[in-house]
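To start, the structure under review is shown below, and the notes come after it.
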Amino acid sequence: MNYRVIGERTMPNELVDRHVTEYQSYTDAVDYYISVIGSVAEDICDLGGEFVITLIADKSESEFEILKRHVISTTKF
């Protein structure tokens with residue numbers, strides 16, 4: 001089974017940055033998921049904006065399952 005980690009960061013100026021990383025191992029995908037949340041959370045707290053991260057398991061070409069999803073959102077004054 002393949003696993004995808006999809007991260008999408010939206011900055012206050014509406015700039016959207018999207019990354020997709022694929023893994024064969026659930027453990028590797030979760031390790032990456034956790035490391036990304038930590039590093040992006042610091043940026044979002046300092047700069048404002050929103051970050052959505054999702055871990056997806058591809059069951060087949062047309063079927064997938066969302067395993068984890070987190071949203072970090074803040075405003076910058």
Side-chain angles (χ1 to χ4, degrees):
M1 190 177 309
N2 289 331
Y3 300 92
R4 285 182 288 148
V5 178
I6 303 170
E8 186 171 287
R9 179 170 40 184
T10 305
M11 301 305 285
N13 60 359
E14 301 301 318
L15 175 67
V16 176
D17 185 21
R18 186 171 197 257
H19 291 279
V20 179
T21 308
E22 295 188 17
Y23 293 92
Q24 297 290 321
S25 160
Y26 174 78
T27 304
D28 291 341
V30 169
D31 287 347
Y32 178 72
Y33 185 96
I34 291 168
S35 71
V36 168
I37 286 177
S39 63
V40 173
E42 290 179 23
D43 291 344
I44 294 296
C45 288
D46 289 340
L47 304 173
E50 180 177 89
F51 180 67
V52 179
I53 188 167
T54 308
L55 175 60
I56 295 174
D58 290 322
K59 295 185 170 196
S60 67
E61 284 191 32
S62 61
E63 187 178 341
F64 64 89
E65 179 180 358
I66 297 175
L67 303 175
K68 297 180 182 292
R69 183 172 185 273
H70 288 87
V71 176
I72 302 169
S73 181
T74 188
T75 56
K76 176 85 171 154
F77 293 101

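Through direct or indirect side-chain contacts shorter than 4.5 Å among Ile, Leu, Val, Met, Phe, Trp and Tyr, V71 is connected to V52. Its side chain within the 4.5 Å cluster rule, V40 clusters with M1, Y3, V5, Y23, Y26, V30, Y32, Y33, I34, V36, I37, I44, F51, I53, L55, L67, I72 among the Ile, Leu, Val, Met, Phe, Trp and Tyr residues.
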Practice item. Step by step, work out the salt bridge (charged side-chain N to carboxylate O under 4.0 Å, His left out) result for E22 and R4. Key: CA-CA 4 Å; E22 295 188 17; R4 285 182 288 148; 5.1 Å; no
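Taking every heavy atom of both residues into account, M11 and G48 meet most closely at CE-O, 4.0 Å.
Partners of N2 according to the side chain to side chain donor-acceptor pair (under 3.5 Å) rule, which considers only residues two or more places apart in sequence or in another chain, are Q24.
Note that CD of E65 and CG of D58 are 11.0 Å apart. Values are rounded to the nearest 0.5 Å. Here CG of D46 is found 10.0 Å from OG1 of T74. Values are rounded to the nearest 0.5 Å.
Within a 6.0 Å radius of CD in E42, other residues, nucleotides and ligands contribute 12 heavy atoms or fewer.
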